[in-house]
2 protein chains.
Amino acid sequence: MTRIDTEWVEKATTELHASGRRAGGARAEVITQLSRETCAVTAEQIERTLAGANRRVGRASIYRALEALAHVGLVQRVDLGESGSRWERIGANGHDHHHHLLCSACGQLVPFEDDGLETALHHLAANEDFTVDSHEVTLHGRCASCAAKQAA
Amino acid sequence: MTRIDTEWVEKATTELHASGRRAGGARAEVITQLSRETCAVTAEQIERTLAGANRRVGRASIYRALEALAHVGLVQRVDLGESGSRWERIGANGHDHHHHLLCSACGQLVPFEDDGLETALHHLAANEDFTVDSHEVTLHGRCASCAAKQAA
DNA sequence: TCGATAATGGGACTCAGTATCATTTAGTCG
DNA sequence: CGACTAAATGATACTGAGTCCCATTATCGA
Ligand SMILES: [Zn+2]
Ligand SMILES: [Zn+2]
Ligand SMILES: [Zn+2]
Ligand SMILES: [Zn+2]
């Protein structure tokens with residue numbers, strides 16, 4: 001578990017308040033927890049982690065918080081097709097934008113960044129008859145460790 | 001509903017047979033139906049379409065067929081995060097490889113192809129410490145029609 | 001401080017997808 | 001062509017993520 005990203009927590013709190021929402025303990029817990037994570041987690045993981053720290057939050061509140069944060073663009077949903085979507089905060093400063101490699105053997109989720117990819121996506125978006133708000137990219141394959149095992 | 005893609009149906013049948021599976025009526029129906037579709041559909045859509053044509057197939061068999069086809073690389077799963085994954089055939093000849101634009105307003109799924117994107121993805125895959133088998137890209141936004149309505 | 005209303009949480013509920021298992025059928029071997 | 005074995009099928013029960021409902025609690029503006 002990483003240190004709390006105070007900057008993002010403040011931005012999230014401010015942004016939600018600005019969008020006309022009231023503060024609430026449950027949502028504050030979810031925000032804090034998300035700020036500790038470095039990559040996507042499931043709602044259930046958030047629920048369990050908080051419960052384990054004696055900060056139990058109702059499941060419905062967790063989903064509501066995630067939805068609210070996603071709505072103002074502070075969190076993005078990552079769909080990998082296994083059971084359960086995952087969620088991760090989006091960097092306050094525009095950094096932290098990344099995509100994922102998913103190992104089909106061990107299930108490991110590895111984040112990566114690639115400027116060439118982002119450039120291609122931006123060009124593409126500009127040429128489509130579609131107003132693109134966001135994008136999601138997932139590479140499926142095997143991590144080095146699993147690929148080695150398989151070859152053996 | 002499009003015409004049956006005989007070529008792909010045959011390839012699928014052959015490929016599955018070669019991988020040591022027996023033929024079966026249910027799977028044949030699923031294969032035929034997939035060959036008629038031009039973009040991703042849900043398992044439920046397949047079930048309903050077949051039932052409507054008096055070719056009812058058990059739900060379990062539909063999922064089994066999709067899994068088998070995906071396993072030999074003839075079908076790809078598309079995860080959009082709404083409820084229900086979607087599936088679509090992958091062109092027998094390497095064509096038909098495409099990705100999707102999803103309209104968050106009307107839910108419309110629009111396929112697109114982009115060479116620049118594919119190139120970027122290939123370069124990227126070559127540089128990662130990961131054996132990449134496939135990739136999935138989804139652009140989220142609003143289609144022209146929904147964007148216009150919103151602006152009004 | 002008070003009141004309107006949003007946030008919360010427990011629990012019932014939905015529904016895509018899976019597991020089970022009895023039955024049918026494909027493919028093989030005489 | 002039959003008989004046999006294992007895979008395919010389908011009805012149904014089941015699972016679990018995510019949603020819905022509603023009584024209760026808490027926020028915050030007046
Ligand atoms: Zn991530
Ligand atoms: Zn990106
Ligand atoms: Zn498609
Ligand atoms: Zn591609």
Side-chain angles (χ1 to χ4, degrees), chain A residues 12-34 40-72 75-87 107, chain B residues 12-34 40-51 53-72 75-88 107:
Chain A
T13 308
T14 307
E15 205 93 350
L16 287 176
H17 184 258
S19 75
R21 292 171 179 277
R22 290 186 188 171
R27 199 159 60 211
E29 292 296 346
V30 174
I31 289 173
T32 305
Q33 186 50 39
L34 280 172
V41 291
T42 63
E44 196 208 351
Q45 282 179 294
I46 295 172
E47 184 173 20
R48 269 214 294 258
T49 304
L50 288 176
N54 256 320
R55 294 181 150 345
R56 180 175 298 288
V57 164
R59 187 182 318 159
S61 294
I62 291 177
Y63 283 104
R64 278 187 292 240
L66 291 172
E67 186 188 8
L69 288 163
H71 191 255
V72 294
V75 153
Q76 73 183 344
R77 185 177 174 157
V78 179
D79 284 298
L80 301 171
E82 336 143 322
S83 11
S85 298
R86 289 165 176 258
W87 311 76
Chain B
T13 309
T14 308
E15 205 93 351
L16 287 176
H17 183 259
S19 76
R21 291 171 179 277
R22 290 188 186 170
R27 199 160 60 210
E29 291 296 345
V30 173
I31 289 173
T32 305
Q33 187 50 37
L34 280 173
V41 291
T42 63
E44 196 209 352
Q45 283 179 293
I46 295 172
E47 183 173 21
R48 269 214 294 258
T49 304
L50 288 176
N54 257 317
R55 294 180 150 345
R56 180 175 300 289
V57 163
R59 188 182 317 160
S61 295
I62 292 176
Y63 283 104
R64 280 187 291 240
L66 292 172
E67 186 190 5
L69 288 163
H71 191 253
V72 293
V75 152
Q76 74 183 342
R77 185 177 175 157
V78 179
D79 284 297
L80 301 171
E82 337 143 322
S83 10
S85 297
R86 288 165 177 257
W87 311 76
E88 64 190 353

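Below, chain A is the first sequence line, B the second, and so on; all start at residue 1. Heavy atoms only: backbone and side chains are in, while hydrogens, waters and symmetry mates are out.
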Flag yes if more than 12 heavy atoms outside A:R55 fall under 6.0 Å of its CZ atom; otherwise flag no.
-> no
Out of [options], whichever nucleotide has its closest atom nearest the side chain of [X]:
| X | options | result |
| --- | --- | --- |
| A:A23 | C:dT18, D:dG18, D:dT27 | D:dT27 |
| A:Y63 | C:dA7, D:dT19, C:dA16 | D:dT19 |
| A:A26 | C:dG27, C:dA7, C:dT8 | C:dT8 |

How many whole angstroms separate atom [atom1] of [X] from atom [atom2] of [N]?
| X | N | atom1 | atom2 | value |
| --- | --- | --- | --- | --- |
| A:R48 | D:dA17 | CZ | P | 9 Å |
| B:I62 | D:dT12 | CD1 | C1' | 16 Å |
| B:R59 | C:dA16 | CZ | P | 8 Å |
| B:E47 | C:dT18 | CD | C1' | 14 Å |
| B:L50 | D:dG10 | CG | P | 10 Å |
| B:L80 | C:dA16 | CG | P | 15 Å |
| A:R86 | D:dG18 | CZ | C1' | 16 Å |
| A:E67 | D:dA17 | CD | P | 19 Å |

Any donor-acceptor N/O pair under 3.5 Å between D:dA6 base and B:R22 side chain |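 Such a pair is found, so the answer is yes.
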For C:dA7, take OP1 and OP2 only and decide whether either is under 4.0 Å from a side-chain N or O of A:S61.
->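 Looking at the OP1 and OP2 atoms of C:dA7, neither is under 4.0 Å from any side-chain N or O of A:S61.
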What does [X] touch in the nucleic acid at a heavy-atom separation under 4.0 angstrom: a base, only the sugar-phosphate, or nothing?
| X | value |
| --- | --- |
| A:S85 | sugar-phosphate |
| B:R27 | sugar-phosphate |
| A:R64 | base |

Any chance you could measure [X], atom [atom1], to [Y], atom [atom2], to the nearest 0.5 Å?
| X | Y | atom1 | atom2 | result |
| --- | --- | --- | --- | --- |
| A:S61 | A:E47 | OG | CD | 10.0 Å |
| B:L66 | B:I46 | CG | CD1 | 4.5 Å |
| A:H71 | A:R21 | NE2 | CZ | 7.5 Å |
| A:L34 | A:E29 | CG | CD | 11.5 Å |

Given that A:E44 and B:G20 both sit by DNA chain D, which one's nearest nucleotide is further toward the 5' end?
->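 Final value for this comparison: B:G20.
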